[in-house]
Amino acid sequence: MTDLQQRVEQLLASHDPTTTEPADFLGAQFDAGLAWVHFPEGKGGLSLARGRQLEVDALLEAARAPRPDVARNSIGLGMAAPTLLAYGSEELQQRHLRSLFACTEIWCQLFSEPGAGSDLAAVATRAVPDGDEWVIDGQKVWTSGAHGADFAILLARTDTSVPKHAGMTYFVVDMADPGIEVRPLRQITGEAEFNEVFLTGARVHDGNRVGAVGQGWAVATTTLNNERVAIGAGADREAGQIGLVTERWRTDPSVRTPGTHAELLRWWVETEVTRLAGERLRQSLEAGQPGPESSAMKLAFAHQAQKVSGFALELAPEEGLTYHDWTMVSPERGSFLGHGPGYRYLRAKGNSIEGGTSEIMRNVIAERVLGLPPDHRPDKGIAFKDVPR
Amino acid sequence: MTDLQQRVEQLLASHDPTTTEPADFLGAQFDAGLAWVHFPEGKGGLSLARGRQLEVDALLEAARAPRPDVARNSIGLGMAAPTLLAYGSEELQQRHLRSLFACTEIWCQLFSEPGAGSDLAAVATRAVPDGDEWVIDGQKVWTSGAHGADFAILLARTDTSVPKHAGMTYFVVDMADPGIEVRPLRQITGEAEFNEVFLTGARVHDGNRVGAVGQGWAVATTTLNNERVAIGAGADREAGQIGLVTERWRTDPSVRTPGTHAELLRWWVETEVTRLAGERLRQSLEAGQPGPESSAMKLAFAHQAQKVSGFALELAPEEGLTYHDWTMVSPERGSFLGHGPGYRYLRAKGNSIEGGTSEIMRNVIAERVLGLPPDHRPDKGIAFKDVPR
Amino acid sequence: MTDLLYTDVEESLRSSIRSTLQRSLDEGLPARLADEPETDVSGLWRTLTQQLGLAGLLVPESLGGAGASAREAAVVLEELGRAVAPTPFLTSAVIATTVLLVAGDEENLPALASGERTATLVLPWTARRGAWTPVHGSAEPVAGALGADLFLVPIPGEAGGTSLRAYGRDEVELEPITSLDMTRPLARVTLTGAGTEIVSGASADDAVDAALAAGAALLASEQLGLAQWCLETTVQYAGTRTQFARPIGSFQAIKHRLADLYLLLVGTQAAARQAAGTLADGGDAHELSIAQATAQAFCSDAAVHAAEEALQLHGGIGMTWEAPVHTRLKRAKADQLALGTPDRHRSDLAQLVHLPAS
Amino acid sequence: MTDLLYTDVEESLRSSIRSTLQRSLDEGLPARLADEPETDVSGLWRTLTQQLGLAGLLVPESLGGAGASAREAAVVLEELGRAVAPTPFLTSAVIATTVLLVAGDEENLPALASGERTATLVLPWTARRGAWTPVHGSAEPVAGALGADLFLVPIPGEAGGTSLRAYGRDEVELEPITSLDMTRPLARVTLTGAGTEIVSGASADDAVDAALAAGAALLASEQLGLAQWCLETTVQYAGTRTQFARPIGSFQAIKHRLADLYLLLVGTQAAARQAAGTLADGGDAHELSIAQATAQAFCSDAAVHAAEEALQLHGGIGMTWEAPVHTRLKRAKADQLALGTPDRHRSDLAQLVHLPAS
């Protein structure tokens, strides 16, 4: 038995997974260094290779132990945690990593703005120092789960006299601040899965700053690289939209035509290959850190989800003409595979926009992976306040 | 009987189409104003609507009258003639239009250079005045039929102290000039259908200038718009590559599989729609002048020729693995549908490069048809000689 | 060749419809219909009918109509498609009207032509020429049924043939179906009365087939108009939306995608005009069928692609309910499934142009 | 899951091959072979065999080989594909060798492993597992036949089964076929002698099927290497070729196309590694077949697309005989047709993953 297996055994022995409260079990898992084994000791990890987390997860899965609620706290687990580890102060790490893993703290992300979508470095939300606090004013958009979140990671402008990338700072914000107002933002699916967030004189203590003043862009890049890697690591064959289509095909001969068969096989091959590419990426990430290569996976997943979900409507056109329900609701978490084919088709349209548009992903691949020369950037080297808008 | 019909009758009566030498017949057709009815009287036309040429051509076709050799003299007929009409001096028009139509003068085009392909306005071939002559030095490339041509249309730089578009002038060049050397340029098909042309102290009289000094870009644009319109006006259903594939399909059941059937039908629809779009363009051109819209047709034809010719190899893979002959030859005229499937596949690759790459066509559509804002042009407003190269 | 351009008369009809729609159709209405499906939209149709005579466009003057052709109807559909206007033009003034015209029914046409009544053909909205079966008791999803007064239903007749019958509003039961495109809401139609026979046998089949063929031919023009709205709106947005201190329309990748979309619409327009023009010209039935199947195989996908590109190039804005792009996406996707999917039309073409599967 | 990455040993094998090819393969040779098909290229193969032992890579050490696996052979093919090297590695050291290994022939393998002789499987180069018929007298177009010493031919045996036989050079007649890809020239092979039976019946069929499957699985790696050359060469060209006073690689439309190509190659690499890795691991035959058909359905088209994009983005230069792009295009297109087209592999997949056509 490896040392790691022993640690898991000990955890399971000291905290009965069937009776311990999930938050307590997860807290104990964190304390045992089994939350993220590649994190340092004392911070949820054991400084092991990233890939060895799989062993832990498999054992806990087998023991039916409570797992972190990834769907509800994806920002916290997937993005805030690695960012805090890389750039957060010791105090911030101690305050948040454990609660975040236990999901007693739910997190959201305040990055995008109406004028800073693809051009995320154009954020105009201001953070102005006031004693040992910062005062935040601005508007954020496309925030998922903002109404249920306890904390947010925020990118704000702290200096407009330098070029855009140099003037941003990264903060942890308490969503209970009275200066924060959350409004639902309705999507084309009819649901309001996201929010607009208005910050009006919201106050943040300087101790909640992540990284140095002006270092916000580098910190945010770590966050985003971790976001993109989260997409599609190591799925099963026929996972996602393709699985719904193949199941329909196998169980309902009435949808089969020679033309749709040819198209189905093309999508089967494409999605299978993308699954293998995701698996290959996962294998290489077990050793290293996420880099710009994961942008390619996001591109592929978005493309295929959109195409296959559209094809699903053509496969069963009478059903495709209908919709499950247009009533506006604010779901606790987003769903890509739920409701019905019409919903899935519409929801998939967001895949190539949220978390960086496919156009931005292509820029990233072209410049950062392939090393192609940059396009013209009229705002390069110009103080943010002097860029015409 | 319309006046136009009467004129054709008279031409046929005075010049027996079965016995008259082709060049004589065509000369007489020119003199009767029936060469290009939309040209002015005395210059091969009757100042009628462009579309009425169809009536003339149909009658001459029915009478089996000699027709201009469009394949051999496409540059002369399709590009030099309308350019001379629009910008040439009276003397140049009188000297060339008739012989050109009679195909006693074969023309070629000296535009592209190794450093001026997509960026045609970057031509570096110099024309320096010397008395009432110009002395030309430089290298041209991708000249079809240069070895058999009598005259060339040439774009050369006459002023390097102004931005690139403003410093060019357009000339008619006698290919017999001893300063002109033609070398075959071999293509991926194995054939040398094009040439490189080296100009070393070639001399051109100022009377052979077309348009004003410095007006070369506007003149060349007229030429190129006429080139692009020539592509694909009013073809028959299943003309081109698709016809070879459908014929194979209909006559050889062994090539049929469900998957290729689905693909064949997609290409059938696409090519049929493009045929209809070409017909619609032809109908609208019967009234007006060719504009940037014809770039769309060139794009579509190139794309389909390439895809369908590639599909043809997959349809009959054993045959697709073979090639008719790799021996280097310099054919008198290019062929898109000749030799065998392998040749057609390779030759079609040129469709999206010659006469303006598909990328340039998309720029033209985006900026000149859709009115989208220009991309960054670092050489804008900068003297040609000061542009870093 | 049929004339693929627009006549001056057609262009003037287009202007009238466009300005009427600008005046009479609240831009927010298409999206609002999802939340308020009971909204009374009959006022718009009344305006279009009373001011422009659209209800009777295809009806001969002798029966109170305008005696116009499929070419004009196509222009109307381009404009209605641009605006995703909730009107029964396609279902009543094109499809149901063609049923009655081909069936030789002179009784119901005047009321349809005047706009006093609207009608619909009761078949699943996915039916196409040669690929439908008579209705046994009920049909779904049926377009144009909600709000209609007259229901034209092919049912199994005596001796195995088809009986084409007309049912009044009181002879059918309607259940609304929540639809992907709520600007053309669907319903389940159940026959509760006996109806009145119009024609039977081959004449009934012919009338239904002709109506479905006309619907498919002219749906292409609705798709064209919708796709052109998508291109124009996106070009405009790309010219004004700034990111990286440049209008996004100055980025070459965006430009090339819009150029490709333009190229796609050049084809869409040609295919739609060919289908409308040959339908108007009459002529060889086989060539008509080729034009119709080609138009549906091409324009359906083109309109969906145009709407998808519009959404993507509008970025996050495009994903919001507030922006109008989604109303076009939903109509485009529903139109792709309506009156035969591209896949089905391609398999029709295989027969029509003698490219057998095996 | 099989290991989809490269081991250090594999990377070091790659370096050896790449540097050997850089030293021993004249860059202009692939194009020159079209004009001078008689050029003796055996020196290159001799070098690769003597210095790196490639001929016996898959042959067990007991028979004089290196006892390596399909994983290493895949890396070799990546490098040979990059360089479009004219060698019989795939036809002799993979396919013919697999025939003999599965047939349990220990007689001919040592000479193959040492590189003293080369062999080929005599079937049309388009054959694939489960889709070939025994050779009646002659076969075409056969790859790897010109220059081979040993010809492995499945012929109709007694009692209807297959007889797998070995023929010497003096027992066959070879007619060269002018080939799209002259770096892997094809021939018509006519049997003139009697040959020697290796195995017969189901064992013969199994040996041929296994060899074709291995060939298809590893051809994907050749396609990968070729496609990567295309991407890298084009990225380099786009970074240096200037038009409009900018490197063309700074134009966003070019960048996005190259990014899409990169994405395609990420998939190509995963699919090729999966096919090689599962082949090396052995294991479930059904999963192996899925991996092989998936790899061929995907990588074949990907390599063609990569070569086509390389040509287009090289502009006029790419169309010239002088530039090396065309040699990759010809190999890529020929590889797409080799050992089963993507269409055929997709229809195999339909069976393998239970997605019936009707």
Side-chain angles (χ1 to χ4, degrees), chain A residues 112 114-122 141-142 164 185-192 194 257-260 262-263 306 310 313-328 341-342 345-346 349-350 352-354 357-359 362-363 375-380 382 387-389, chain C residues 31 33-35 37 124-126 140-141 143 177-182 184 186 241-246 248 250-254 257 300-301 304 308 311-323 325-327 329-330 333-334 336-338 340-347 350 357-358:
Chain A
S112 299
S118 286
D119 185 9
L120 183 58
V141 75
W142 296 115
K164 62 180 181 181
L185 176 62
R186 194 178 191 185
Q187 284 182 286
I188 66 172
T189 56
E191 295 190 345
F194 295 87
T257 72
T260 52
E263 191 168 352
Q306 292 174 352
L313 271 71
E314 293 175 72
L315 205 53
E318 287 80 10
E319 192 181 337
L321 286 165
T322 69
Y323 200 75
H324 74 291
D325 189 2
W326 287 115
T327 311
M328 167 152 163
Y345 171 69
L346 295 175
K349 292 282 164 272
S352 54
I353 296 172
E354 56 201 317
T357 66
S358 288
E359 290 71 35
R362 290 191 186 95
N363 284 350
D375 203 340
H376 177 57
R377 303 265 153 86
D379 55 357
K380 196 179 169 183
I382 293 176
V387 173
R389 244 170 296 267
Chain C
L33 287 170
D35 290 323
W125 188 225
T126 53
E140 68 178 314
I177 293 173
T178 305
S179 309
L180 180 64
D181 169 23
M182 287 300 283
R184 184 174 279 147
L186 304 166
R241 166 77 173 174
T242 297
Q243 290 279 274
F244 305 101
R246 294 167 57 176
I248 62 169
S250 74
F251 283 98
Q252 202 194 29
I254 307 294
R257 277 166 69 170
S300 292
D301 287 347
V304 169
E308 290 178 343
L311 194 140
Q312 177 67 22
L313 296 179
H314 275 75
I317 307 286
M319 276 301 284
T320 63
W321 189 266
E322 212 180 314
V325 183
H326 68 107
T327 60
L329 179 68
K330 290 162 186 173
K333 194 69 191 173
Q336 184 191 41
L337 311 178
T341 62
D343 170 55
R344 265 66 161 194
H345 284 287
R346 280 192 296 267
S347 76
S358 57

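Letters A, B, ... are given to chains in the order of the sequence lines, protein chains preceding strands, and every chain is numbered from 1. Bear in mind that the values here come from a model prediction, so they are computed numbers and not experimental data.
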Looking only at atom types and distance, does a side-chain atom of [X] sit under 3.5 Å from a main-chain N or O of [Y], one as donor and one as acceptor?
| X | Y | result |
| --- | --- | --- |
| A:W326 | C:S179 | yes |
| C:Q336 | A:E314 | no |
| A:R362 | C:A253 | no |
| C:Q243 | A:G115 | yes |

TODO: Please check if atom CD in A:E318 has more than 12 non-hydrogen atoms from other residues, nucleotides or ligands closer than 6.0 Å.
DONE: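 More than 12 within 6.0 Å, yes.
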- [ ] Indicate whether any N or O donor in one side chain lies under 3.5 Å from an N or O acceptor in the other, for A:S352 and C:Q312.
- [x] yes
Open item on the list: Under 4.5 Å from any heavy atom of chain C, what part of A:Y345 do you find: side chain, backbone, both or neither?
Closed with: side chain
Task: Heavy-atom proximity to chain C below 4.5 Å, by part of A:L185 - done: side chain
Quick one: pull up [atom1] in [X] and [atom2] in [Y] and give me the separation to the nearest 0.5 Å.
| X | Y | atom1 | atom2 | answer |
| --- | --- | --- | --- | --- |
| C:F244 | A:K380 | CZ | NZ | 13.5 Å |
| A:Y323 | C:L186 | OH | CG | 15.0 Å |
| C:D181 | A:T322 | CG | OG1 | 12.5 Å |
| A:E319 | C:T126 | CD | OG1 | 12.0 Å |

Of the backbone (N, CA, C, O) and the side chain (C-beta and beyond), which part of [X] lies under 4.5 Å from a heavy atom of chain A, both, or neither?
| X | value |
| --- | --- |
| C:P37 | neither |
| C:L311 | both |
| C:R184 | neither |
| C:T341 | side chain |
| C:I248 | neither |
| C:V304 | side chain |

Partner chain C: residue of [options] with the largest heavy-atom pair count (under 4.5 Å):
| options | result |
| --- | --- |
| A:S112, A:S118, A:A122, A:G342 | A:S118 |
| A:R377, A:E263, A:K164, A:E359 | A:E359 |
| A:D325, A:L321, A:T327 | A:L321 |
| A:V141, A:T260, A:T357 | A:T260 |
| A:P378, A:A121, A:P114 | A:P378 |
| A:I382, A:T189, A:L346, A:N363 | A:L346 |

Open item on the list: Quick check: closest heavy atoms across C:M319 and A:W142, and the distance to 0.1 Å?
Closed with: CB-CH2, 3.7 Å
TODO: Please report the shortest heavy-atom distance between C:A245 and A:V387, naming the atom on each side.
DONE: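 Where C:A245 meets A:V387 most closely, the heavy atoms are CB-CG1, 3.7 Å.
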TODO: Heavy-atom pairs under 4.5 Å with chain A are the metric here; pick the option from C:K333, C:R344, C:M182, C:R241 that has the most.
DONE: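 Sorted descending by pairs with chain A, the first entry is C:K333.
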TODO: Give the member of C:G316, C:A334, C:P124 that has the highest number of heavy-atom pairs under 4.5 Å with chain A.
DONE: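 Among C:G316, C:A334, C:P124, the one with the most close pairs to chain A is C:G316.
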Open item on the list: With heavy-atom distances below 4.5 Å as the criterion, would you say the side chains of A:H376 and C:R246 are in contact?
Closed with: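 Yes, at least one pair of side-chain atoms sits under 4.5 Å.
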Open item on the list: Between A:K349 and C:E308, does any NZ, NE, NH1 or NH2 come within less than 4.0 Å of an OD or OE carboxylate oxygen?
Closed with: yes
